Amino acid sequence: MPIAICPLPSPPPLPMSHDPLQILSERFLDAMRGAFGDRLPEGADPMIAASRNPQFGDYQSNAAMPLAKALGMKPRDIAAQIVEKLDLSGVAEPVDEHTIAGPGFINIRLDRGALAGLLDALDSPDLGIEPPESPSTIVVDLCGVNLAKQMHVGHLRSTVIGDTIARVFERLGHRVIRQNHLGDWGLPIAMVTRAVMDRAAKGEIDLDAIDLDELDALYKSAQKSCDPESAGEAAAENLARAKTTLVALQSGDAETVAAWKRISDITVNECVAVCARLHATVLPEHTAGESTYRDELAGIVDDLLSRGVAEESRGAVIVDLKDAGIAEPLLVRKSDGGFLYATTDMAAIRRRVQKFGGDRIIYAVDARQSLHFRQLFAAAKKAGYAKRPDGTDAQLDHAAFGTVLGEDNRPFKTRTGENVKLADLLDQAVERAGAAVKEKNPDLSPEDQRIVAEAVGIGAIKYTDLANDRVRDYVFSFDRMLAFEGNTGPYLQYALVRIRSILRKAKAEHGVDEAALGGDGAMLRIEAPEEKDLALLILRFPGVVRTVADSLEPHRLCGYLYEVSTAFSGFFQNCPVLRAQDDVMRLSRLRLCRLTGRVLESGLETLGIVALDRM
RNA sequence: GCGCGCGUAGCUCAAUUGGAUAGAGCGUCGGCCUCCGGAGCCGAAGGUUGCUGGUUCGAGUCCAGCCGCGCGUACCA
């Protein structure tokens, strides 16, 4: 098909996207083709971006500079020729002396009518995020609790970050499969199972009534009893009994399996309850314990050996990864014949890609396991376990996160060096939030205060965890996250509360129903600078959600929502809504409020943070 | 030793994946309530982005080498 050398006299009228980045990209690409024709390099990018500084317009194209070399021209001349062919009718203001600036930046200012039109188009049920033409299947590994152990801060990050990543892909219309890779197999599990069975036999515990706190204590004492350092002579015998229990468990001994199952149920129930309180979608059906792979492990190793992917070394079986640039091999079988977590993880990749149809497998796991995942991913690809039906490999990502630190900059622990129980941490946040709510809004009923405290306290913890750059460590501080100032969860919740308050009042005092504000009910008029700032931000929403999906960095959504909230505050301060000069302006501003509120609602929902009517 | 990560205002953190004059909050100083929720808004001061080179029109961002901190590094998970 021949390429049109001449610029089209008018842009194609349809389809009209509401994403300015896309519209401008198309217009600029047309202009670039018009200006340079066949000389335009393959894949030349208009490089449209929202401008950081209002003085440089609303959007800018940085296309001219990279083209300088290929075209053998000065960037400013290139920019001039692009602008010459540029048709921005119906989108942006005409060019002026500021259009080309610096080395060759092309600055664009949307015209007010187009801005309103774009906002209007975005004001759809999906807020400008259309379902993908072909949805992908995304598997998210999250939570990762261990049998007979309470959830602690380490699980907080995996659960919160993993759930948010899952929500982002769901928001974009993809199919998401959550996997809680429960640590329910192996020698440590056998130790605690043995301990539980012994105590039950002696009548010291009641298996029907035992709770996770007791199991947690038993887990620790069982570990100690097998450690020569603390148990001395008895350790060897205890360890031997644990190994015997492991064999019994593996061979399906009814009594052992029953005890193990009971421990598992208690753990999963408690985990699901904590996750529910965290407002994170982790349900019993997402549980995929290591035990569910137990029958595949021998086959995995045999398969790897028979195809030459793995080899024997020092009595163990390894996958050599030097060709992938990794010095350390992946161990898939110990010299005593036992399997390792790497073996299980290999089986998990195979299941997730080849059985579940995963296109992208994402692990929300501590950064300290980086090497393990580099090895695992390389080995899985080498073995072909990540291969999709079309022959290409699924994308494997380790969404690594840093450590939660205490005020002393050491990993967050109690004074005695124990892990902090996650449920206790949540209680404390809710209690502190409750005190603040009581002080700031004493008129709320006790019941409402309780609901608000729960949403604010939990939201504050989650938001802090999500708002920091994922891979960095961060310092846990109730005071900072509950200060209700700056980039915090409560600030976003408050911004939304104010919006909802206005909408309630609009109905009560002006009879304006919220539903009537969509579509033709209220014409948008974007005039004041604060209105324009807010409008431009709202238009960025779909792009931000996609960026989070690409980068797996939820903090980008947090930062964006914070910007929307501050822009709304500026608007709210300077632009009277209910007391606007006339009905048209009032309706326009109410609609802008509602649209802002919908972006915040959708954003908070994607972060898994509860939106409130009052606080 | 080797590998991975991090280093940005006094403190806690951003910076549209290489774009223009590095931005927020806290703290400090100064303003804004006959006004839709003040848990708010506006302003001021505060920076050699750990150091030194390099790549290019352009570097907090990429590369190399140092410095500092953290975490890993063959049979725990």
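If you're wondering where the values come from, they're calculated on a predicted model, not measured in any experiment. Naming convention: chains lettered A, B, ... in sequence-line order (proteins, then strands); numbering from 1 in each chain. Both backbone and side-chain heavy atoms feed into the values below; hydrogens, waters and symmetry mates do not.
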Is [X] salt-bridged to [Y], cutoff N-O under 4.0 Å?
{"X": "A:R586", "Y": "A:D583", "result": "yes"}
{"X": "A:D216", "Y": "A:K149", "result": "no"}
{"X": "A:E514", "Y": "A:K507", "result": "no"}
{"X": "A:K382", "Y": "A:D323", "result": "yes"}
{"X": "A:R410", "Y": "A:D408", "result": "no"}
{"X": "A:E229", "Y": "A:K224", "result": "no"}
{"X": "A:D58", "Y": "A:K532", "result": "yes"}

Answer with yes or no whether the side chains of A:Y59 and A:N107 bring together a donor and an acceptor at under 3.5 Å.
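No, A:Y59 and A:N107 have no side-chain donor paired with an acceptor closer than 3.5 Å.
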Mind calculating the distance between [atom1] ([X]) and [atom2] ([N]) to the nearest angstrom?
{"X": "A:R556", "N": "B:A14", "atom1": "CZ", "atom2": "P", "result": "11 Å"}
{"X": "A:D473", "N": "B:U8", "atom1": "CG", "atom2": "P", "result": "13 Å"}
{"X": "A:R470", "N": "B:U17", "atom1": "CZ", "atom2": "P", "result": "17 Å"}
{"X": "A:D77", "N": "B:C57", "atom1": "CG", "atom2": "P", "result": "16 Å"}
{"X": "A:F105", "N": "B:G19", "atom1": "CZ", "atom2": "P", "result": "9 Å"}
{"X": "A:D408", "N": "B:C69", "atom1": "CG", "atom2": "C1'", "result": "15 Å"}
{"X": "A:N487", "N": "B:C11", "atom1": "CG", "atom2": "C1'", "result": "16 Å"}
{"X": "A:D479", "N": "B:G27", "atom1": "CG", "atom2": "C1'", "result": "14 Å"}

With both distances under 3.5 angstrom, what nucleotide forms a Watson-Crick or G-U wobble pair with [N]?
{"N": "B:A39", "answer": "none"}
{"N": "B:A44", "answer": "B:U28"}
{"N": "B:G53", "answer": "B:C63"}
{"N": "B:C6", "answer": "B:G68"}

Sub-3.5 Å pairs of nitrogen or oxygen atoms, protein against nucleotides 75-77 of chain B:
from  : atom 1 : to     : atom 2 : distance (Å)
B:C75 : O2     : A:S335 : N      : 2.6
B:C75 : O2     : A:S335 : OG     : 3.4
B:C75 : N3     : A:S335 : OG     : 3.3
B:C75 : N4     : A:R314 : O      : 3.1
B:C76 : OP2    : A:K334 : NZ     : 3.4
B:A77 : O3'    : A:E290 : OE1    : 3.1
B:A77 : O3'    : A:E290 : OE2    : 2.9
B:A77 : N6     : A:Y341 : OH     : 2.4

If you measure from the [atom1] atom in [N] to the same atom in [M], how many Å do you get, rounded?
{"N": "B:C63", "M": "B:A22", "atom1": "P", "result": "24 Å"}
{"N": "B:G38", "M": "B:A45", "atom1": "C1'", "result": "24 Å"}
{"N": "B:G3", "M": "B:C41", "atom1": "P", "result": "48 Å"}
{"N": "B:G47", "M": "B:G23", "atom1": "P", "result": "14 Å"}
{"N": "B:G72", "M": "B:G27", "atom1": "P", "result": "36 Å"}
{"N": "B:A24", "M": "B:A15", "atom1": "P", "result": "14 Å"}
{"N": "B:G43", "M": "B:C6", "atom1": "C1'", "result": "35 Å"}
{"N": "B:G60", "M": "B:A77", "atom1": "P", "result": "46 Å"}

Phosphate OP1/OP2 of B:C26 contacted by A:Y491 side-chain N/O (<4.0 Å):
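Negative; the distance criterion is not met.
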Considering every strand and a 4.0 Å limit on heavy-atom distances, what is the contact class for [X]: base, sugar-phosphate, or nothing?
{"X": "A:R374", "answer": "sugar-phosphate"}
{"X": "A:A483", "answer": "nothing"}
{"X": "A:N107", "answer": "base"}
{"X": "A:T344", "answer": "nothing"}
{"X": "A:I318", "answer": "base"}
{"X": "A:Q55", "answer": "base"}
{"X": "A:K69", "answer": "sugar-phosphate"}
{"X": "A:A50", "answer": "base"}

When you match A:T566 and A:H555 each to their closest nucleotide on RNA chain B, which lands nearer the 5' end?
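Residue closer to the 5' terminus by nearest nucleotide: A:H555.
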Closest-nucleotide 5' rank along RNA chain B - winner of A:T403 and A:E328:
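With A:E328 and A:T403 compared, the 5'-side residue is A:T403.
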I want to know whether A:F56 and A:F105 have ring centres closer than 6.0 Å.
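No, the ring centres sit 6.0 Å or more apart.
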If you take the centroid of each ring, where Trp contributes its six-membered ring, are A:H372 and A:Y341 closer together than 6.0 Å?
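Ring centres of A:H372 and A:Y341 closer than 6.0 Å.
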Are the side chain of A:Q375 and the backbone N or O of A:E328 linked by a donor-acceptor pair below 3.5 Å?
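Yes, because the side chain of A:Q375 sits within donor-acceptor range (under 3.5 Å) of the backbone of A:E328.
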Please tell me which of the listed nucleotides, [options], lies nearest to the side chain of [X]?
{"X": "A:R368", "options": "B:A20, B:G40, B:G72", "value": "B:G72"}
{"X": "A:M47", "options": "B:C71, B:G19, B:U8", "value": "B:G19"}
{"X": "A:R410", "options": "B:G7, B:G70, B:U17", "value": "B:G70"}

Apply the syn/anti split at 90° from 0 to B:U73 and say which one it is.
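What B:U73 shows is an anti base, its glycosidic angle lying more than 90° from 0.
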Expected rows: protein N/O vs nucleotides 34-37 of chain B N/O, under 3.5 Å:
from  : atom 1 : to     : atom 2 : distance (Å)
B:C35 : O2'    : A:R579 : NH1    : 3.4
B:C35 : O2'    : A:R579 : NH2    : 2.2
B:C36 : O4'    : A:R579 : NH1    : 3.2
B:C36 : O3'    : A:K505 : NZ     : 3.1
B:C36 : O2     : A:L578 : N      : 2.8
B:C36 : N3     : A:V577 : N      : 2.9
B:C36 : N4     : A:F572 : O      : 2.5
B:C36 : N4     : A:C575 : O      : 2.7
B:G37 : OP1    : A:S501 : OG     : 3.1
B:G37 : OP2    : A:K505 : NZ     : 3.1
B:G37 : O2'    : A:Y494 : OH     : 2.9
B:G37 : N7     : A:S501 : OG     : 3.1
B:G37 : N1     : A:M615 : O      : 3.1
B:G37 : N2     : A:M615 : O      : 3.0

So how far is it from A:R546 CZ to A:S551 OG, rounded to the nearest 0.5 Å?
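So the gap between those two atoms works out to 13.5 Å.
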How long is the straight-line distance from OG of A:S291 back to CD1 of A:I189, given to the nearest 0.5 Å?
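Here the interatomic distance stands at 9.5 Å.
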